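Data block below; observations after.
All values reported here derive from a predicted model rather than from experimental measurement. Scope of the values below: all heavy atoms of this structure, side chains included, with no hydrogens, waters or symmetry mates.
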Amino acid sequence: MDPRTYLLSIDHLLDDDERLTWKAARDFCQSRVMPVIEQHYEAGTFPKELIPEFAEMGFLGCSIEGYGCAGLNPVAYGTIMIELERVDSGIRSFCSVQTALAMYPISAYGTEEQKQRWLPRMAAGELIGCFGLTEPNSGSDPGSMRTHAKQDGEGGDYILNGQKMWITNSPISDLCVVWAQTLDHGSSTPVIRGFVVERDMAGLSTPETHGKLSLRASITGEIVLDEVRVPKDNMLPGVRGLKGPLSCLTQARYGIGWGAVGAAMDVYERARQYTLDRVQFGRPIAGFQLTQQKLVELHNEIGKGLLLAHHFGRLKQAGQLDPAQVSYLKRDNVRMAREAAKTARTMLGGNGIMGEFHIMRHLCNLETVFTYEGTHEIHTLAIGRALTGLSAFS
């Protein structure tokens, strides 16, 4: 009997363009990113030299229509996320932040002038963006943010003060989409608004975060705002309140739900091949019952995660996907990938912790993915609220 890596495929559910997108993304990631990712992870560096190639492949802003963006449908976008995260969660994070957290709010809530000004250069990789929401004392509760903006006179600039942390890309960003409690001139009630803060604005600094043991091939930093004067024309006029940043997170979480499947596929495929090659007690360890049980569990969970992603992708394509369903996708597929990496690590024994086998890197990365853009627990409660109509948190 000829062995098969997978007993389930979604290939027949894809159209020709989606299949071609998936193959192109896989070929690129395996030929250009995979050979260098381990050295970058060990060094704690991001392969900045690949940014122009990400742009050339259409990965930056790929879900956006126009402005030099690829305009891919949600399923095609999802297949790219699979292949980016198959090589490393940090690489997917870079493209996710640029697309879903920096370019999306400009495309969704910006003026036409703002879109023309920034989006084409962001799609080309000439401008790198980041997303400033999380603060030292404001994580799962973004409404408690302390970063604030005050308008300097009627129709005037805004003065921003505050600190954001755990910000992917901030040290290399040319612009930061920052969310702040904003007080317009003549108003006594602040409301959350989004601002595009540019690198050359006085008072902006983006110190890098050091000492990470996860997502080491991703650049993380802070956004520090000290009396930063931001022109009124840099405020995103199309949204007010928490809807703005939360809608961006919904876009990013959708991509994570696909990407996590890629990480799970990589650790499963590596564990499967290793156990076929590794001989103990006179036979490949893939022939032992407990090894086969582990492989079956990994394989079956990946299949379900892929079907879940495809199903919700088609709902998104039809404009019918809601945030609770995105929580379902992100929560379950990241949990699945995290468990897959833990199991696969055991199957390689001591080799499982070595960089050359790549599994421990995925495991460490997925610890962060499990927590960021909504912790596993917060997504659980969001789904619970959708099921019961009762909120377990304010």
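- Rounded to the nearest 0.5 Å, atoms CD1 (Ile359) and CZ (Arg345) are 9.0 Å apart.
- Atom CD of Glu49 sits in a crowded spot, with more than 12 heavy atoms from other residues, nucleotides or ligands closer than 6.0 Å.
- Listed for the Thr99 side chain is a donor-acceptor partner under 3.5 Å among the backbone atoms of Gly61.
- Considering every non-hydrogen atom in both Tyr77 and Ala100, the closest pair reads OH-CB, 4.3 Å.
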*Please walk me through it: do Arg19 and Asp15 pass salt bridge (charged side-chain N to carboxylate O under 4.0 Å, His left out)?*
CA-CA 6 Å; Arg19 281 190 286 269; Asp15 63 29; over 6 Å; no

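- Taken together through direct or relayed side-chain contacts under 4.5 Å among Ile, Leu, Val, Met, Phe, Trp and Tyr, Val196 and Val239 form part of one hydrophobic cluster.
- Tested against Arg86, the residues Glu269, His362, Gln30 include a single side chain to side chain donor-acceptor pair (under 3.5 Å) partner, Glu269.
- Aromatic pair Tyr268/Tyr6: centroids less than 6.0 angstrom apart.
- Counting heavy atoms from C-beta on, the side chains of Gln181 and Ile192 come closer than 4.5 Å.
- Only one option out of Lys342, Arg338, Arg216 pairs with Glu367 in a salt bridge (Lys or Arg N to Asp or Glu O under 4.0 Å); it is Arg338.
- To the nearest 0.5 Å, atom CG of residue Asp27 and atom CE of residue Met57 are 8.0 Å apart.
- A donor and an acceptor atom, one from each side chain of Thr209 and Glu222, are nowhere located under 3.5 Å apart.
- Hydrophobic clustering (side-chain heavy atoms under 4.5 Å, transitive across Ile, Leu, Val, Met, Phe, Trp, Tyr) keeps Met201 apart from Phe131.
- Geometrically, Arg335 does not engage Phe370 in a cation-pi contact, judged by NZ or CZ lying under 6.0 Å from the ring centre and within 45° of the ring axis.
- Using a 4.5 Å heavy-atom cutoff, the side chains of Glu85 and Val369 are in contact.
- Summarising the geometry of Gly241 relative to Val191, their closest heavy-atom pair is N-CG2, 3.8 Å, with the distance given to 0.1 Å.
- Checking side-chain atoms of His358 against main-chain N and O of Val267 turns up no donor-acceptor pair under 3.5 Å.
- Listed for the Glu38 side chain is no donor-acceptor partner under 3.5 Å among the backbone atoms of Glu356.
- A donor-acceptor pair shorter than 3.5 Å can be found between the side chains of Lys294 and Thr346.
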*Carefully, step by step, assess Lys164 and Glu135 under the rule salt bridge (charged side-chain N to carboxylate O under 4.0 Å, His left out).*
CA-CA 4 Å; Lys164 305 291 187 178; Glu135 298 183 1; 2.9 Å; yes

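- Using a 4.5 Å heavy-atom cutoff, the side chains of Arg240 and Arg193 are in contact.
- Val334 is not listed as a side-chain neighbour of His376, based on a closest heavy-atom distance of 4.5 Å or more.
- Environment of NZ in Lys115: crowded, with over 12 heavy atoms of neighbouring residues, nucleotides or ligands closer than 6.0 Å.
- With hydrogens and angles left out, the side-chain atoms of Tyr372 and Ser93 include a donor and acceptor closer than 3.5 Å.
- With no hydrogens or angles considered, no side-chain donor-acceptor pair links Ser327 and Arg331 at under 3.5 Å.
- Both Leu13 and Leu72 sit in one connected hydrophobic cluster of ILVMFWY residues. Membership requires side-chain heavy atoms under 4.5 Å apart, directly or through other members.
- Taking the side chain as every heavy atom from C-beta outward, Leu127 and Trp118 approach each other to under 4.5 Å.
- Between Tyr158 and Phe195, the gap from one ring centroid to the other is short of 6.0 Å.
- For the residue pair Met103 and Leu60, the shortest heavy atom distance occurs at SD-C, 4.0 Å.
- What you find for Trp258 and Thr79 is that their closest heavy atoms are CE3-N, 4.0 Å.
- Contact record, Ser140 with Thr375: OG-CG2, 4.1 Å, taken as the closest heavy-atom pair.
- In summary, the side chains of Gln98 and Asn169 do not present any donor paired with an acceptor at a separation below 3.5 Å, with no hydrogens or angles considered.
- Atom CZ in Arg361 sits 10.5 Å away from atom CG in Leu366 (nearest 0.5 Å).
- Note: Leu215 CG to Ile91 CD1 = 10.0 Å, rounded to the nearest 0.5 Å.
- A donor atom on one side chain and an acceptor atom on the other are found under 3.5 Å apart for Thr206 and Arg199.
- Taking Glu113 as the reference, nothing meets the side chain to side chain donor-acceptor pair (under 3.5 Å) condition, with sequence neighbours excluded.
- With a 4.5 Å cut-off on side-chain heavy atoms, Gln114 and Leu119 do not count as touching.
- Under the 4.0 Å criterion applied to side-chain N and carboxylate O atoms, Arg229 and Asp152 are assigned as salt-bridge partners.
- Thr45 places no side-chain N or O within donor-acceptor distance of the main-chain N or O of Tyr41, the cut-off being under 3.5 Å.
- With respect to the salt-bridge test (charged N to carboxylate O, under 4.0 angstrom), the residues Arg92 and Asp88 do not qualify.
- In terms of heavy-atom proximity, Arg272 sits nearest to Pro3 at NH2-CB, 3.7 Å.
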_Pair Val230-Met235, side-chain contact (heavy atoms from CB on, under 4.5 Å): steps then yes or no_ = CA-CA 8 Å; Val230 180; Met235 183 170 71; over 6 Å; no

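- Between Tyr109 and Ser247, the side chains place a donor N or O and an acceptor N or O closer than 3.5 Å (distance only, hydrogens not considered).
- You'll find the side chain of Cys62 reaches within 4.5 Å of the side chain of Ile80, heavy atoms only.
- Taking the six-membered ring where tryptophan is involved, the planes of Phe28 and Phe59 are perpendicular, since the angle between them exceeds 60° and thus also 30°.
- Side-chain contact between Trp179 and Thr147 is absent, with no heavy atoms from C-beta onward closer than 4.5 Å.
- Between Leu183 atom CG and His185 atom NE2 the span is 10.5 Å, to the nearest 0.5 Å.
- Between the side chains of Thr220 and Lys212, at least one donor N or O sits under 3.5 Å from an acceptor N or O.
- Rounding to the nearest 0.5 angstrom, the gap separating the OG1 atom in Thr380 from the CD1 atom in Ile378 is 9.0 Å.
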*asked:* Would Leu160 and His148 count as a side-chain contact (heavy atoms from CB on, under 4.5 Å) here? Give the steps.
replied: CA-CA 6 Å; Leu160 271 65; His148 59 276; over 6 Å; no

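- A salt bridge (charged side-chain N to carboxylate O under 4.0 Å, His left out) check over residues 306-326, counting only residues at least two apart or in different chains, returns the pairs Glu18-Arg314.
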